[in-house]
Amino acid sequence: NPRLMYAPVKEEVEWDEPCIIRYHDIISDREIEILKNISRPLLSRSLTTGGVSKNRTSQGVFLKEDNIVVARISQRIADITGLSKKSAENLFVQNYGIGGRYEPHYDELDDENGRIATFLIYMSDVEIGGATVFPQVGVALKPKKGSAVFWYNLHKNGNVDLNTKHAGCPVLRGNKWVANKWIHEFGQEFRRPCSLSYWE
Ligand SMILES: O=C(O)CCC(=O)C(=O)O
Ligand SMILES: [Fe+2]
């Protein structure tokens, strides 16, 4: 992407199947402070598809793109992933206190235009706990401030990748801030086309 030519993003493969990529230093400390400051007064208990649930004990807020920092982050995610942001959700900033967690789940909503991919930005380190884990494959991603992880929830054929079940482990010490960008299927047809294999 031309916008990344002079400032390439550092990319690390965390896992092969499902492919989980870590991007380092994709958001500055200053941008993080701004996102936290605009989010703090607006936070409310995060919901699940079943509403308020003990499965998800974080607070969060969807940030509109009328803020320049939010818009810039959205554009950066589109540049890095090569995916269209047209059918993506607004950036969801979340804060977990001590004991805050999210039980194992799939991000994919059972929807015609489901969440094809997740871009999860870590806006803090966590002293102990708070890893994002994929129990089906045994991966633990440690929050690292300024980095992000990215994976596809759907196979190219549109089926849910059952290995992408993941959880946010309880925070045992410290405080955890993340920002999620959920990218949806529509609009990605030419960016992530189907393959010739039915099963892929
Ligand atoms: O906080 C995490 O590590 C994971 C968050 C998550 O999976 C979600 O919000 O859907
Ligand atoms: Fe999730």
Side-chain angles (χ1 to χ4, degrees), residues 12 14-15 18-24 26-27 32 35-36 39-40 42-63 70 73-74 77 81 83 87-111 113-155 159-185:
E12 182 183 351
E14 289 266 11
W15 200 257
C19 181
I20 305 173
I21 312 261
R22 171 94 65 162
Y23 296 105
H24 293 277
I26 57 108
I27 182 169
I32 288 175
L35 291 185
K36 283 192 200 167
S39 301
R40 252 186 219 102
L42 304 172
L43 290 173
S44 64
R45 175 72 182 259
S46 308
L47 303 176
T48 64
T49 42
V52 168
S53 157
K54 65 174 173 42
N55 288 346
R56 190 183 201 189
T57 52
S58 68
Q59 297 203 83
V61 58
F62 282 98
L63 296 180
V70 180
I73 301 294
S74 251
I77 294 172
T81 61
L83 295 175
S87 75
E89 288 166 60
N90 283 341
L91 192 70
F92 187 61
V93 169
Q94 279 186 89
N95 175 230
Y96 300 78
I98 302 279
R101 68 178 189 288
Y102 194 176
E103 299 281 320
H105 64 279
Y106 291 103
D107 281 355
E108 151 68 350
L109 304 166
D110 193 14
D111 195 350
N113 179 18
R115 290 167 166 171
I116 191 172
T118 298
F119 196 95
L120 173 63
I121 302 172
Y122 295 108
M123 301 206 296
S124 68
D125 297 314
V126 180
E127 278 177 69
I128 306 178
T132 308
V133 295
F134 289 67
Q136 315 290 81
V137 289
V139 193
L141 308 168
K142 218 170 131 54
K144 183 186 160 221
K145 189 178 184 186
S147 76
V149 290
F150 172 78
W151 68 86
Y152 282 103
N153 297 301
L154 301 182
H155 290 295
N159 290 338
V160 180
D161 181 343
L162 296 175
N163 286 332
T164 61
K165 189 195 267 188
H166 59 280
C169 290
V171 171
L172 300 182
R173 186 163 163 178
N175 195 303
K176 177 180 174 188
W177 286 87
V178 295
N180 288 78
K181 188 76 170 176
W182 287 295
I183 301 164
H184 285 247
E185 220 177 344

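Indexing begins at 1, ligand by ligand and atom by atom, following the structure's order. We use all heavy atoms of the structure for the numbers below, so side chains are in, but hydrogens, waters and symmetry mates are not.
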Got an N/O contact under 3.5 Å between [X] and ligand 1?
{"X": "Tyr122", "answer": "no"}
{"X": "Trp182", "answer": "no"}
{"X": "Tyr102", "answer": "no"}

Give the residue, atom name and distance (to 0.1 Å) of the protein heavy atom nearest [atom].
{"atom": "atom 3 (O) of ligand 1", "answer": "Thr132 OG1, 2.5 Å"}
{"atom": "atom 9 (O) of ligand 1", "answer": "Gln94 NE2, 2.9 Å"}
{"atom": "atom 2 (C) of ligand 1", "answer": "Lys176 NZ, 3.2 Å"}

Requested in this report: State whether Tyr96 and Lys176 meet the cation-pi test: NZ (Lys) or CZ (Arg) under 6.0 Å from the six-membered ring centroid, and within 45° of the perpendicular axis.
Outcome: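 Yes; both conditions hold, so Lys176 lies above the ring face of Tyr96.
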Which of the atoms in ligand 1, numbered in the order shown and given with their element, are less than 4.0 Å from a heavy-atom of [X]?
{"X": "Arg56", "result": "8 (C), 9 (O)"}
{"X": "His105", "result": "6 (C), 7 (O), 8 (C), 10 (O)"}
{"X": "His166", "result": "7 (O)"}
{"X": "Tyr96", "result": "1 (O), 2 (C), 4 (C), 5 (C)"}

Requested in this report: Report the part of Asn180 (side chain from C-beta onward, or backbone N, CA, C, O) that has a heavy atom under 4.0 Å from ligand 1; answer both or neither where that applies.
Outcome: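 The side chain, only.
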Query raised in the report: Heavy-atom contacts under 4.0 Å between Asp107 and ligand 1: side chain, backbone, both, or neither?
Result: side chain
Query raised in the report: Does a salt bridge link Arg115 with Glu89, judged by any charged N lying under 4.0 Å from a carboxylate O?
Result: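 Glu89 and Arg115: salt-bridged.
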**Report entry** Lys/Arg N to Asp/Glu carboxylate O, Arg173 vs Glu127, below 4.0 Å
**Finding:**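 Looking at Arg173 and Glu127, the cut-off is met.
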Requested in this report: Please check if any side-chain donor atom of Asp111 sits under 3.5 Å from a side-chain acceptor atom of His184, or the reverse.
Outcome: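 There is no such pair (donor and acceptor under 3.5 Å, judged by atom type) between the side chains of Asp111 and His184.
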Query - Side-chain H-bond candidate by donor/acceptor type, Asn175 with Asn95, under 3.5 Å - result: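 The criterion, which ignores hydrogens and geometry beyond distance, is satisfied for Asn95 and Asn175.
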Report task. For this output row, return yes or no: ring centroids of Phe134 and Trp151 closer than 6.0 angstrom. Result ->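 Ring-ring flag for Phe134/Trp151: true, centres closer than 6.0 Å.
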Query raised in the report: Are the side chains of Met123 and Val178 in touch, meaning some heavy atoms are under 4.5 Å apart?
Result: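 They are not in contact (no side-chain heavy atoms under 4.5 Å apart), so the answer is no.
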Query raised in the report: At the Fe ion (ligand 2), what's the angle from Asp107 OD1 to His105 NE2, rounded to 10 degrees?
Result: 90°
Report summary line: The reported gap from CD1 in Ile116 to CD1 in Ile183 (rounded to nearest 0.5 angstrom) is 8.5 Å
**Report entry** Aromatic ring pairing Tyr102/His105, orientation class (parallel under 30°, perpendicular over 60°, tilted between)
**Finding:** parallel
